[in-house]
2 protein chains.
Amino acid sequence: MSSACYILGVSREKGAGRGRSYHQYCGVARALDVVGERWTLLIIRDLLLGPRRYKDLLEGLPGIGTNLLADRLRELETRGIIRRTVLPPPAGSTVYELTQLGEALGPAVFELGLWGARTLGLPKDDDQVPTAAVFVAMRVMFKPEKAAGINEAYELHVDGHVFEVRVEDGQVLTREGLAHAPAATFTLDGRTLLALLREGLDPKTALAARRVQGNADSLERFVSFFAKTPEVANTPT
Amino acid sequence: MSSACYILGVSREKGAGRGRSYHQYCGVARALDVVGERWTLLIIRDLLLGPRRYKDLLEGLPGIGTNLLADRLRELETRGIIRRTVLPPPAGSTVYELTQLGEALGPAVFELGLWGARTLGLPKDDDQVPTAAVFVAMRVMFKPEKAAGINEAYELHVDGHVFEVRVEDGQVLTREGLAHAPAATFTLDGRTLLALLREGLDPKTALAARRVQGNADSLERFVSFFAKTPEVANTPT
DNA sequence: CGGAATCCTCTTCGATACTG
DNA sequence: CAGTATCGAAGAGGATTCCG
């Protein structure tokens with residue numbers, strides 16, 4: 001809250017427009033006014049995979065603190081970036097999902113992810129490996145030329161969650177949930193998925209080590225759709 | 001700083017790796033660990049136009065506070081994103097500039113800017129209009145098809161600063177500084193530049209109103225290279 | 001004068017405890 | 001399950017001072 005607000009005598013404590021603003025007429029500054037606070041873009045990242053309950057978000061964002069998540073969700077809702085929905089019975093749970101404006105943040109999230117991936121290295125011991133993040137990353141690792149003419153869905157069971165990866169018209173769609181008519185189903189854990197996609201773990205080896213359950217040919221094909229993210233050395237200049 | 005640090009008894013007060021981390025193995029989270037703090041991406045934005053002195057940055061980021069800027073610059077330098085350089089005599093001033101790793105943040109900054117521009121509307125009364133931000137925005141507003149076969153530089157004098165806009169091979173380069181062999185030179189203020197680029201102010205009108213000094217044909221051509229950013233309604237869904 | 005370090009106040013964060 | 005309440009710790013912002 002800038003000093004200008006005090007000068008105008010506006011307290012604005014509970015109204016719209018909470019949080020600090022840069023007060024710059026600039027797209028970047030405006031974007032950061034809205035989604036630049038801590039945790040916000042990670043919430044968006046998780047919602048890019050589809051609607052999620054409060055608890056799912058808490059689990060995917062260890063350390064956020066429940067009050068902060070509530071704050072962020074409230075703010076994002078008033079900004080028109082997410083929407084609160086109650087699922088139809090029998091589920092009946094309330095979920096949060098991106099609006100069209102929220103979906104439009106996808107490219108910015110992907111570019112940040114691409115940049116961050118350069119310096120990722122290997123997972124540190126105290127690093128969480130959020131499964132949702134891996135499925136978001138798959139959207140930018142996808143190589144359309146490797147999937148030419150292929151229209152298939154895959155269902156992945158990872159650490160107790162189910163994800164759909166749908167390859168269609170040279171595009172890939174990833175979301176959390178059961179796949180529609182999957183061509184193959186794989187069961188594996190997050191580290192193994194990461195090893196297959198990033199570290200070049202050979203699918204056959206992974207299957208032989210029982211780190212994956214599923215069809216060998218399908219798995220090999222599936223893995224081939226995605227680029228191993230090149231490790232760019234962090235050389236100053 | 002997460003609780004894990006306390007558990008490990010690590011205070012880490014002055015060492016490397018300052019600031020909070022999300023401790024997630026994810027490109028987005030990693031990027032935000034490094035450039036997600038307040039002001040950081042706006043510093044990067046300004047540096048995208050070329051090397052700048054401490055004081056220039058302070059001016060372009062009203063409200064940052066001198067200690068915070070120093071903190072951010074130090075952090076960015078240790079992370080290999082910017083570099084401190086001393087200009088050769090007679091200038092002799094120390095400047096900050098992006099490393100290759102820092103330049104690679106460009107696409108992420110542009111995407112954030114594009115998203116933020118949707119909800120920019122018109123400048124509010126207490127909005128600063130940072131000239132540097134306009135020249136950064138020009139990079140994403142540029143329409144290569146309108147500049148086919150054109151190789152020219154323009155020099156713009158805006159509010160006491162000089163910028164070069166170089167159109168070359170269907171690309172545009174914007175930076176602060178004198179232009180090399182400019183095809184035309186324009187003198188105008190920031191609001192007018194914004195009006196020409198965003199609000200569709202007619203170049204002839206602007207010239208007639210003496211809001212711009214320069215050659216009419218050149219100005220008309222110059223303006224035609226850039227798309228008026230479409231105002232996207234902020235409709236939830 | 002440019003480039004910071006220091007001090008002080010205020011806000012935000014993060015963890016836990018608690019409630020509908 | 002979906003949040004609110006609370007409180008100590010860290011971060012932000014402004015003014016001032018220091019240094020070369």
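This is a predicted model, so every value here is computed, not measured. We name chains A, B, ... by the order of the sequence lines, and we start the count at 1 in each one.
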Nucleotide N/O of nucleotides 4-8 of chain D paired with protein N/O under 3.5 Å:
from	atom 1	to	atom 2	distance (Å)
dT4(D)	OP1	R74(A)	NH1	3.3
dT4(D)	OP2	R74(A)	NH1	3.4
dT6(D)	O4	N67(A)	ND2	3.1

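Computed from coordinates, the R53(B) CZ to dC1(C) P distance equals 13 Å when rounded to whole Å. I43(A) has its CD1 atom 12 Å from the P atom of dG3(D), to the nearest Å. In this structure, the CG atom of L68(B) is 14 Å from the C1' atom of dT12(C), given to the nearest Å. Between the CG atom of L58(A) and the P atom of dA2(D) there is a distance of 9 Å, rounded to whole Å.
Annotation: Q171(B), atom CD; neighbour count of heavy atoms from other residues, nucleotides and ligands within 6.0 Å does not exceed 12.
Taking only side-chain nitrogens and oxygens, K55(A) never comes nearer than 4.0 Å to OP1 or OP2 of dA2(D). Between R38(B) and dT12(C) there is no side-chain polar atom (N or O) within less than 4.0 angstrom of OP1 or OP2. R84(A) has no side-chain polar atom (N or O) that falls below the 4.0 Å cut-off from OP1 or OP2 of dA2(D). For the OP1/OP2 pair of dG14(C) and a distance below 4.0 Å, the side-chain nitrogens and oxygens of R20(B) include at least one atom meeting the criterion.
The aromatic rings of Y154(B) and F186(B) sit parallel to each other, their planes meeting at less than 30°, with 60° as the upper class boundary. Between F163(A) and F135(A), the two ring planes are parallel [angle under 30°; tilted spans 30° to 60°].
Remark: the backbone N or O of G27(B) is not paired with any side-chain donor or acceptor of W115(A) at under 3.5 angstrom. No side-chain donor-acceptor contact under 3.5 Å links D127(A) to the backbone of Y25(B). Without hydrogens or angle criteria, R166(A) side chain to H180(A) main chain gives a donor-acceptor distance under 3.5 Å.
Looking at heavy atoms from C-beta onward, L61(B) lies in side-chain contact with Q24(A) at the 4.5 angstrom threshold.
With respect to E97(B), the salt bridge (charged side-chain N to carboxylate O under 4.0 Å, His left out) criterion is satisfied by exactly one of R175(B), R83(B), R84(B): R83(B).
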DNA chain C in dot-bracket form (Watson-Crick or G-U pairs under 3.5 Å, [ ] crossing, | inter-strand) is |||||||||||||||||||.
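With sequence neighbours excluded, the residues that form a salt bridge (charged side-chain N to carboxylate O under 4.0 Å, His left out) with R72(A) are E37(A).
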